[in-house]
Trainee: 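One structure, as structure tokens, below. Some questions next.
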Amino acid sequence: YDYDFFCEFYSHPDRKTRLLKSEMIYVDNDNYIARIDSSIIGCGNLRVRMTAFIPDTNFNDSLRTEIAEYTTDIVILR
């Protein structure tokens, strides 16, 4: 089912770039492509922090916020 989210991409905690779901390229129900400017985040292992807003009637605003962090196998080099 459909829910809203955004992703923060970084190699160092103080250098991030954020993309909203609407700024990504839709592939299919489970996949999106994000294009980022790697010069913003610098060199190192690419990390992603995804924040999702999932409909849930058990919460006052009917949304549950889920946060997941991933380290990818992608290394940004200059």
Side-chain angles (χ1 to χ4, degrees):
Y1 71 125
D2 194 29
Y3 57 87
D4 198 20
F5 67 90
F6 67 84
C7 293
E8 294 175 299
F9 299 88
Y10 61 98
S11 59
H12 303 281
D14 60 336
R15 296 183 68 183
K16 297 179 183 178
T17 188
R18 177 186 288 193
L19 282 181
L20 304 175
K21 175 184 175 180
S22 61
E23 298 172 306
M24 297 183 201
I25 300 166
Y26 173 81
V27 176
D28 59 37
N29 288 338
D30 295 325
N31 296 288
Y32 286 79
I33 296 173
R35 295 187 312 175
I36 61 169
D37 180 351
S38 62
S39 67
I40 294 170
I41 62 175
C43 298
N45 290 340
L46 179 64
R47 296 180 177 98
V48 181
R49 180 178 184 187
M50 184 178 107
T51 302
F53 307 99
I54 302 168
D56 190 332
T57 57
N58 293 317
F59 288 78
N60 290 338
D61 62 356
S62 297
L63 286 176
R64 181 178 78 245
T65 302
E66 296 270 337
I67 299 172
E69 296 195 39
Y70 307 95
T71 299
T72 71
D73 291 330
I74 299 169
V75 178
I76 299 173
L77 306 171
R78 293 225 195 253

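Since this is a predicted model, take the numbers as computed values, not measurements. We number each residue from 1, following the sequence as shown.
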Trainee: Atom CG of residue position D28 - does it have more than 12 heavy atoms of other residues, nucleotides or ligands inside 6.0 Å?
Mentor: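 Enclosed.
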Trainee: Could you state whether F9 and I74 fall into the same hydrophobic cluster, counting links through intermediate Ile, Leu, Val, Met, Phe, Trp or Tyr residues with side-chain heavy atoms under 4.5 angstrom apart?
Mentor: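 Result: yes, single cluster for both.
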Trainee: Given the rule that I, L, V, M, F, W and Y join up when any side-chain heavy atoms are under 4.5 Å apart, are Y3 and Y32 in one cluster?
Mentor: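 Y3 clusters together with Y32.
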Trainee: Just how far is it from atom CD1 of I36 to atom CE of M24, taken to the nearest 0.5 Å?
Mentor: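 Reported to 0.5 Å precision, the distance equals 10.0 Å.
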Trainee: Atom CD1 in I33, atom OH in Y26: separation rounded to 0.5 Å?
Mentor: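 Reported value, rounded in 0.5 Å steps: 12.0 Å.
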Trainee: Would you check if L63 and D4 make a side-chain contact, meaning some heavy-atom pair closer than 4.5 Å?
Mentor: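 They are not in side-chain contact.
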Trainee: If every non-hydrogen atom of G42 is compared with every non-hydrogen atom of I76, which pair is closest and at what distance?
Mentor: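 Looking at all heavy atoms of both residues, the shortest contact is O-CG2, 3.5 Å.
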Trainee: Work out which heavy atom in R15 is nearest to a heavy atom in S39; give both atom names and the distance.
Mentor: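 Where R15 meets S39 most closely, the heavy atoms are NH2-O, 2.9 Å.
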Trainee: So does A52 get a backbone contact from the side chain of K21, meaning a donor-acceptor N/O pair under 3.5 Å?
Mentor: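 It does not hold such a pair.
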Trainee: State, yes or no, whether a side-chain contact exists between R35 and I25 at a heavy-atom distance under 4.5 Å.
Mentor: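 A side-chain contact exists here, since the closest heavy-atom pair is under 4.5 Å.
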Trainee: Which heavy atom of L77 sits nearest a heavy atom of C43, and at what distance?
Mentor: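 Smallest interatomic distance, heavy atoms only, reads C-SG, 4.1 Å.
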Trainee: Would a 4.5 Å heavy-atom cut-off, applied to side chains only, mark E8 and I67 as touching?
Mentor: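 Result no, sub-4.5 Å side-chain heavy-atom pair not found.
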Trainee: Are any side-chain N or O atoms of S11 and backbone N or O atoms of I41, one a donor and one an acceptor, separated by less than 3.5 Å?
Mentor: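 The answer is yes, because a donor-acceptor pair under 3.5 Å joins these two groups.
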Trainee: Does the side chain to side chain contact (heavy atoms under 4.5 Å, CB included) test come out yes or no for T72 and V48, once each step is laid out?
Mentor: CA-CA 8 Å; T72 71; V48 181; 4.1 Å; yes
Trainee: Using the side chain to side chain donor-acceptor pair (under 3.5 Å) definition, which of the options R49, R47, K16, E69 pairs with Y10?
Mentor: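 The option that passes is E69.
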Trainee: Quick one: sort the F53 and F6 rings into parallel, tilted or perpendicular, breaks at 30° and 60°.
Mentor: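 Correct class here is tilted.
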